[in-house]
Amino acid sequence: MNASNSVVDLEIVKLRMEQLSSEIEKHNRSYYELDAPTISDELYDSLFQELVRLEEKYPQLKKLSSPTQRVGGEVKSELVKVKHSQPMLSIHTETDYTEQGAKDFDSRIRRELELESASNSIEYNCELKFDGLAVNIRYEDGIMVLASTRGDGYVGEDVTANVRTIRSLPLQVEGLPKVFEVRGEALMHKTDFKKLNEEQASLGEKLFANARNAAAGCLRQLDSRVTAKRRLSFYAYGLGEVSEMPVSSQSELLDYLARKGFPVTDLRQVVQGPEQLEAFHEKVAHLREELDFDIDGVVYKVNDFALQRQLGFVSREPRWACAHKYPPQEAQTRVLDVDVQVGRTGKLTPVARLEPVFVGGTTISNVSLHNEDFVKELGLLIGDTVVVHRAGDVIPEIVKVLPELRPSTVRPFVMPEFCPICGSHAYKEEGEKDRRCTGGLFCSAQRKQAILHFVSRLAMGIDGVGEKLVDQLVTTGLIKTVADIYRLKLDDLVQLERMGEKSAKNLISAIEASKSTTLEKFLYALGIREVGEATARSLAQNFGSLDVLEKVTKEDLLSVNDIGDVVADSILHFFAEPENRQVIEELKTLGVHWNEQVGSSKPDGLLKDKTWVLTGTLPTLSRNEASDLIRSLGGKVSSSVSKKTDYVLAGENAGSKLEKAQSLGITILDEGQFKQLLQKEEM
Ligand code: IVH
């Protein structure tokens, strides 16, 4: 481009700069808003650099709304105070977390509007209550000129340079009223917050406690280049001063803002009446965890602006809006003590006993500390004040210790080297995090847990056996192994404290009923380490009978989908243990039974009891898939060819197994023939 400042040349440069700006902004939006970049980073950078060069060369053409303004620049010594032309109000909070909160708001509005009859229902706009920081952004002639924090509601701070770095926010908007202030929440997405904290950690810098603090730090940064590198987001929800009101209701306003290119969430809804308010509150409660930003409730607003004006304000709060919160997901409390629990597999788990605290909708008084390393990493001492987090149905956790509130009476937690229940040595293997009691079934804690697991709903499903009863049964010596459950007599039970004749009878029938079970439930009930419900099902489906399972090789196990080294070893160890086999035999003798074929979908299929060997690489099926198919049709898969082999399924590069099969005259199939056989099977 020729640098001579002829009017024509300048006009061309200006056009090119506008073209570049609009192209870059388009990509900014698709990248940051829709999370779907449409061009490569290299191409984006080259467009950006071209614009930077032109702006350097022709500073007179540089615009305040240029995308180059988003990278930050000036470093301030302090944030300048700005007076809001319209105060930034707060919002009334309904503290009742239940549906009563929605009812109270609706009744209040009807009372104020003197609409006693329920038939005159009012339209509300339901929104999210974003947990970030309120920001006012002023556009003059469609160009962003000022952004400010809420401050005390009347005077805030100028954070324009920082807000410009939010790429989902337009710097210039076509067709806005001359003066247009949009209000909304600046926040940091959870994913961006996580990345930022990872970066901070790798630089050895201080971590932010939560996304809101990180967002506040970014928004009030003195060096906007720092903010540009982190990623703030913004969601619009209202207006400040406007020279002209473009719409007449809150829902229209949000649609209008979205059309003008402002970020607005889709999670909003126009509703009528308290039930629908509550339905929104409830719906969002379930979505809360999945959202990529924190919210602490929902906001209800009377939709019609004319009605809003009629309702007006009480002190600094509008009467036409309210926040309906969710129970807090974090709370502070004190750790009174740390106990050690012994689990079914002997694992010692430190458990913090808390001063009861209401969090995530329930009162929590115990929380697992997992293992001794976790306690160390937290830096927890007994007596400390901690932050407990519980989101949705997730298990509560201690997320932070507050050492600044530490009293002088604290003492450290020491993990015992002996089982606190049976006194056996508690051993931690090299590289393991968990310490385990070596007492096995000698340890009454392990015995109790094994019994509780055995009777649980997804295992043998014996109703009415709770922790207290198991405690009694084990301490009185009535039960030593799970097999003893089936030796219990009515007379034994009625002698127990707090056990009536009726409950005892019910229990005996529940025990009797549980004898008829399925192989998968029985396998799960045995409590083999690493064998959960899904693995038990796979084992039952693939091997079909307990006799087969007791003789499987590691290779057989590994050929089952989802079974890896650790699980296979654990299964082998379990069946190698004579005591375990003994208990299984006793259970069978005492009448526990199942249909050996349960789980195999076509037990009497063509492949029933046929032994297969796989060799070589099949064109489309993996080894596991082929093995699963064979087993699901009643066949067995073996690892070596012998006279007992019925079929060999051979693929490419089959080696000695194929030769041996040929020499023994065994039927050899390729994948195509195998599939034909399966089709016959399906007919
Ligand atoms: S409207 C006149 N809508 O809540 C009402 N506020 O106390 C003005 N907030 O810090 C606010 N989400 O930033 C409104 N959808 C929403 C909101 C929302 C979050 C925050 C707001 C302010 C506080 C109001």
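Just so you know, ligand 1 is whichever comes first in the structure, and atom 1 is the first atom listed for that ligand. It should be emphasised that the depicted structure is a prediction, and the values quoted were computed from it without experimental measurement.
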I'd like to know whether ligand 1 has A321 as a neighbour, heavy-atom separation below 4.0 Å.
no
N/O to N/O below 3.5 Å, does that happen between I91 and ligand 1?
yes
Who's the nearest protein heavy-atom neighbour of atom 8 (C) of ligand 1, and how far?
L89 O, 4.1 Å
For atom 11 (C) of ligand 1, the closest protein heavy atom turns out to be Y237 CE1, 3.9 Å
Which is closest to atom 4 (O) of ligand 1 in terms of heavy atoms, R316, R183, K129?
K129
Has K206 got its NZ or CZ under 6.0 Å from the middle of the six-membered ring of F208, at an angle within 45 degrees of the ring axis?
yes
Counting neighbours of CZ on R220 that are heavy atoms of other residues, nucleotides or ligands and sit closer than 6.0 Å, is the number greater than 12?
no
F130-ligand 1 polar pair, N/O distance under 3.5 Å:
yes
Paired with D106, the salt bridge (charged side-chain N to carboxylate O under 4.0 Å, His left out) test is passed by just one of R108, K103, R110, namely R110
Nearest non-hydrogen atom to atom 15 (N) of ligand 1 belongs to which of L128, N125, L254?
L128
Member of R138, H84, Q86 meeting the side chain to side chain donor-acceptor pair (under 3.5 Å) criterion with E241:
R138
Less than 6.0 angstrom separating the ring centers of F130 and Y235, yes or no?
yes
Can you confirm, on distance only, whether ligand 1 has an N/O atom lying under 3.5 Å from any N/O atom belonging to E185?
yes
Q276 (side chain) donor-acceptor with Q272 (main chain) under 3.5 angstrom
yes
If we set the cut-off at 4.0 Å for heavy atoms, which region of P318 has an atom near ligand 1: side chain, backbone, both, or neither?
side chain
For K301, state whether at least one heavy atom is located under 4.0 Å from any atom of ligand 1.
yes
